[in-house]
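Numbers restart at 1 for each chain; the letters A, B, ... are given by sequence-line order, proteins then strands. Quick note: numbers below take in every heavy atom, side chains included, and nothing from hydrogens, waters or symmetry partners. Just so it is clear, the model here is predicted, and its values are computed rather than measured.
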Number of protein chains: 2
Amino acid sequence: MAKLQKSIDKRNALLKATIELVNNSGFHATPMSKIAKMANVSPATIYLYFENKQDLVNQTYLEVKTKYTDFVFKAYDENTSVKTGFEIIWKRIAEFNSNECEYAFFLNQCNNTPMIDEPSRKEGIKYLQPLLHLWQRGKEEGVIKPVSDYILYAYSINPLSFLIMAQKRGEFQFTKAHIDEAFLAAWDSIKL
Amino acid sequence: MAKLQKSIDKRNALLKATIELVNNSGFHATPMSKIAKMANVSPATIYLYFENKQDLVNQTYLEVKTKYTDFVFKAYDENTSVKTGFEIIWKRIAEFNSNECEYAFFLNQCNNTPMIDEPSRKEGIKYLQPLLHLWQRGKEEGVIKPVSDYILYAYSINPLSFLIMAQKRGEFQFTKAHIDEAFLAAWDSIKL
DNA sequence: AAAAAAAGAATGAACATTCATTTTTATATA
DNA sequence: TATATAAAAATGAATGTTCATTCTTTTTTT
């Protein structure tokens, strides 16, 4: 166990360092040597755990995406009204964005740049399923606008990313009141 | 004039090449040598027109941002109802995003990465003024929700960027009908 | 023919990755 | 239990490449 645990610790330290450095400088501006230093490891050691830099970032992305999905959909159960279900999911996303903003910021970076390769990106998209089902049901019940899921996502979920980025830049400060205002805007934009 | 024109042409060729290459690979993954090649110029020549790579990108950003602003607010006049004014501005933004998607995509890249330095970013933010005034008036008239401009922007303007990026990736195809649906979502999210 | 603009080649730094050794861990033997 | 040794893990120092920028020479303009 000692040995296995040690490996896991080292891998986690590498993922953590990757997130922090990529968040602050972007993929191409974070050298492997810095990642190694922050994780207290030799540069060569990274290559015992990951194939190369791209692989390190892809794996980091998938790991963080999984944390996100687990957190967001854990509290969700299908037997609610569409509005309530949406509110539960939306609030969990907002909570993740506030509480785990390092992770949230990293995911945004990945979504907005060519940092992640296509297969990993595709893999990361599957997570949406429960939300898409909920929207489908909402459309059938005449509660949600009958428009493309991309539009629903763009208006009700993606704005949180924008606000998080603004907060990270220090331009905007999220408060409890803002969350409620934002939720209302999200719901208004997609409800019929 | 011949000489001056030649210089302007060369500078424009460099800006154009920068936009195209940065759009497809990002800032750090586009070497000066490629920019030079695409603009039919020697790498050394770039340094006659720009201080360094950062300066080249900053200037490109400001130039594109200006094109955007000019286009978006040209058709706007203050003597309309808040709703009509908003619709005019919003539709112009949508039109710019469709018709000049190379420019729109470049601006998104700049907004989502640490590619642009802080002074240039600050300079680029001023453009919003007419929209912010309109929202202010809308709040006073009780037509627009009394919430932070960041929230209004996040819900009514920023989603277009998300949709453009999805389109660029080939995941989503913008049609005339989508534009109308998107406008409705935008307006619903901010109206009282 | 002087000045300005442009070019290609050279420079030096940064970086991803690999290599040759050293250190640590696990195992087997006494 | 203590020791020897083989295997695994980790390391710091190369390696070779890519790139921004500068230097020197050539071409173009005045």
How many whole angstroms separate atom OH of A:Tyr49 from atom C1' of D:dA10? 9 Å
With the threshold set at 4.0 Å, does a side-chain nitrogen-carboxylate oxygen contact exist between B:Arg121 and B:Asp117? no
Closest nucleotide among D:dT21, C:dT17, C:dC15 to the A:Pro31 side chain: C:dC15
Check the distance between D:dA10's C1' and A:Arg11's CZ and give it to me in whole angstrom. 18 Å
In whole angstroms, the gap separating P of C:dT18 from CZ of A:Phe50 amounts to 16 Å
For residues 108-127 of chain B, which residue pairs qualify under ring-ring contact (aromatic ring centres under 6.0 Å, His included), counting only residues two or more places apart or in two chains? B:Tyr68-B:Tyr127
Name all residues meeting the side chain to side chain donor-acceptor pair (under 3.5 Å) criterion together with A:Asn40; count only those two or more places apart in sequence or in a different chain, and write none if there are none. none
What residues, two or more places apart in sequence or in another chain, satisfy side chain to side chain donor-acceptor pair (under 3.5 Å) together with B:Ser81? B:Thr84
Before accepting this row, confirm whether a basic side-chain N of the pair B:Lys191/A:Asp188 lies closer than 4.0 Å to the acidic partner's carboxylate O. no
When the distance from CZ of B:Phe27 to C1' of D:dC19 is rounded to whole Å, what number comes out? 12 Å
Would you tell me if any nitrogen or oxygen in the side chain of B:Tyr47 comes within less than 4.0 Å of OP1 or OP2 on C:dA7? no
C:dA14 C1' sits how many Å from B:His28 NE2, rounded? 13 Å
In whole angstroms, the gap separating P of D:dG12 from CG of A:Leu48 amounts to 13 Å
List for me each residue that meets ring-ring contact (aromatic ring centres under 6.0 Å, His included) alongside A:Tyr150, sequence neighbours excluded, and say none if there are none. B:Phe172
Rounded to whole angstrom units, what separation is found between the NZ atom of B:Lys34 and the C1' atom of D:dT21? 19 Å
From CG of A:Leu21 across to P of C:dC15 the rounded distance in Å is 12 Å
Looking only at C:dA6, D:dC19, D:dA10, the nucleotide nearest the B:Lys10 side chain is C:dA6
Kindly state each residue pair satisfying side chain to side chain donor-acceptor pair (under 3.5 Å) with at least one member in residues 154-167 of chain B, sequence neighbours excluded. B:Asn108-B:Ser161
Is there a residue in residues 37-46 of chain B whose heavy atoms reach under 4.0 Å of DNA chain C, and which residues are they? B:Val41, B:Ser42, B:Ala44, B:Thr45
